[in-house]
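Every chain is numbered from 1 and lettered A, B, ... according to where its sequence line falls, protein lines coming before strand lines.
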2 protein chains.
Amino acid sequence: MKVCVVGCGAVGSLFAASLAQLDDVEVWAYDLDEEHVAAIGESGLRLSGAAELVGRPRATSDAAELPPCDFGIVAVKSMHTAPAVGAVAHAFADGAVCSVQNGVGNEEAIAEHVERVIRGTTFPAGHVVGPGHVHWDVQGDTTIGPFEPRPASLVECERLADACTRAGLPTTALPDARGPQWRKVIFNAATNPIGALTRLSHGRVCERPDLRLLVSALADEGKAVAAAQGIELDSDPEELIDFAARKEVAYDHKASMLQDVEARRQTEIDYLNGGVVRFGREHGVATPLNQAVVALVKGLEASWAS
Amino acid sequence: MKVCVVGCGAVGSLFAASLAQLDDVEVWAYDLDEEHVAAIGESGLRLSGAAELVGRPRATSDAAELPPCDFGIVAVKSMHTAPAVGAVAHAFADGAVCSVQNGVGNEEAIAEHVERVIRGTTFPAGHVVGPGHVHWDVQGDTTIGPFEPRPASLVECERLADACTRAGLPTTALPDARGPQWRKVIFNAATNPIGALTRLSHGRVCERPDLRLLVSALADEGKAVAAAQGIELDSDPEELIDFAARKEVAYDHKASMLQDVEARRQTEIDYLNGGVVRFGREHGVATPLNQAVVALVKGLEASWAS
């Protein structure tokens with residue numbers, strides 16, 4: 001079976017290097033960073049941290065080199081989904097493409113370019129150390145399932161999940177994978193932009209009583225939007241917030257959006273709180289706090305341009 | 001008549017230097033900045049910009065030096081009201097004390113130390129250039145009136161207003177001075193913290209459609225809190241927002257709260273949005289967006305301590 005990972009940043013690299021361990025899977029790594037691609041070609045893709053291994057995917061920045069693949073795993077930042085998937089769509093004429101990105105709206109963007117789409121949510125996290133080397137910071141589960149408006153079959157989802165699990169990334173295929181996705185979106189939308197706006201670490205955002213009230217109010221709006229879509233969350237996003245407040249998980253972690261703000265990079269706000277607002281509008285649920293947070297983060301992004 | 005200006009930063013200095021022009025008013029300037037006080041003692045208090053003049057108030061950092069005064073004019077930052085007025089209260093045993101500070105809650109703090117209090121709102125603005133020298137940036141009106149729970153008489157208010165007006169600071173005394181105060185508070189609370197959180201200038205906050213929606217939603221909460229108190233605004237705070245958006249007034253101005261954030265100084269958030277929230281709670285009006293903004297700015301302040 002052939003799998004192409006589209007976008008080999010931290011999360012994409014975890015999938016590409018892990019899957020490349022399997023004898024029955026041929027892995028392609030597509031990324032526009034030519035230095036990263038060259039390093040992978042020369043010395044392989046190295047993971048350190050939660051696992052120490054070197055995978056040897058076939059890496060390229062040239063979409064024309066990609067063979068027909070059974071599966072795509074999209075791991076680019078959300079705002080790059082459309083151009084990235086547009087460029088590689090030919091490789092998935094008979095394949096199914098799965099998002100393992102943050103936020104909501106990515107599967108919709110993929111579905112504009114390919115026939116069969118898989119909804120996915122992944123909790124493992126890492127950071128790029130340098131060309132060809134990613135540090136694996138946090139282990140975690142992945143859940144995938146058919147993307148309802150343009151679905152891959154559940155059997156296909158199970159086949160991909162089986163390969164990921166055997167490769168060391170525990171993955172479950174479900175008929176309805178929206179619960180874990182919305183749980184993560186609600187959690188991220190409630191906490192990431194608050195870290196970005198206050199410059200506080202994840203745990204400090206969650207433990208301050210005044211900010212925790214805001215975090216929970218943002219989460220409540222997200223839960224209402226999920227409920228209006230008939231989505232049953234697999235567990236309460238507040239649990240993830242409690243973990244951080246109790247210093248059990250990621251207390252000192254700077255949210256990726258805070259990292260973006262510090263580096264003055266465009267954030268994923270449109271796919272986190274922006275997604276909550278958009279789905280809320282479609283389903284008649286008011287989301288004034290998420291809307292406020294979107295405006296504040298986009299205003300902050302605009303200040304860098306001045 | 002004797003007047004003591006309590007706190008000779010930018011706004012306090014406009015009052016102290018202007019009033020010191022009058023032959024029938026003896027002006028004392030009380031400030032804890034000894035370098036500033038020494039400069040005023042040596043060369044007088046200089047204003048440049050909207051007016052060019054040198055006033056010669058009697059300046060001191062020693063509250064014990066103050067004689068009994070007919071009037072106090074309090075111009076310290078809101079969070080310093082209680083200690084400053086506490087230190088000088090003896091000078092106003094038979095006098096009336098007027099706030100010309102930002103926000104709401106200052107008169108309440110003054111009333112804990114003196115018998116007769118005047119509610120005040122002033123629009124002139126400036127900035128300190130150096131010891132003994134303040135630049136007058138923006139001219140504007142001042143409105144004062146009896147502070148209802150512990151009022152000075154309207155006659156006293158008129159006497160103070162007359163002196164200020166003759167000194168070049170047009171001032172009106174009204175039986176109910178809450179309208180202008182809440183108009184300014186609502187405007188400041190709707191715009192200042194948005195500039196502080198996004199780092200955008202005043203005009204850019206007001207002209208971006210997404211931020212303008214947030215600004216107006218914050219103003220709407222403030223208007224509801226004013227209405228619940230039976231306060232009739234003298235005009236719609238949205239007019240001040242329109243002026244900034246249309247580049248007529250203060251387009252490039254950095255809100256004082258943004259200046260505080262850039263200098264990592266404590267902000268006046270508790271007396272702006274915090275005041276809207278507090279008065280809202282007392283009068284049964286929900287203010288979720290103002291509450292969110294308070295939490296975000298206080299979180300940002302907390303990040304400097306880490």
When every non-hydrogen atom of A:R204 is compared with those of B:A302, the smallest separation belongs to NH2-O, 3.4 Å

Using atom types as modelled, flag every donor-acceptor pair under 3.5 Å from a side chain in residues 186-198 of chain B to any protein atom, sequence neighbours excluded.
unit_1, atom_1, unit_2, atom_2, d
B:T191, OG1, B:F187, O, 2.8
B:T198, OG1, B:I194, O, 2.7
B:T198, OG1, B:L200, N, 3.2

Expected contact set for residues 289-299 of chain A against chain B at heavy-atom separation under 4.5 Å reads A:L289, A:Q291, A:A292, A:A295, A:L296, A:K298, A:G299

Cut-off 4.5 Å, heavy atoms of chain B, and the answer for A:L214 is side chain

Those residues of residues 262-276 of chain B that come under 4.5 Å of chain A on a heavy-atom basis, listed by number, are none

If one checks every heavy atom of B:L218 against chain A at 4.5 Å, the contacting part turns out to be neither

Residues at least two apart in sequence or cross-chain that pass ring pair (Phe, Tyr, Trp, His ring centres under 6.0 Å) with B:H135, listed by chain then number, are B:H127

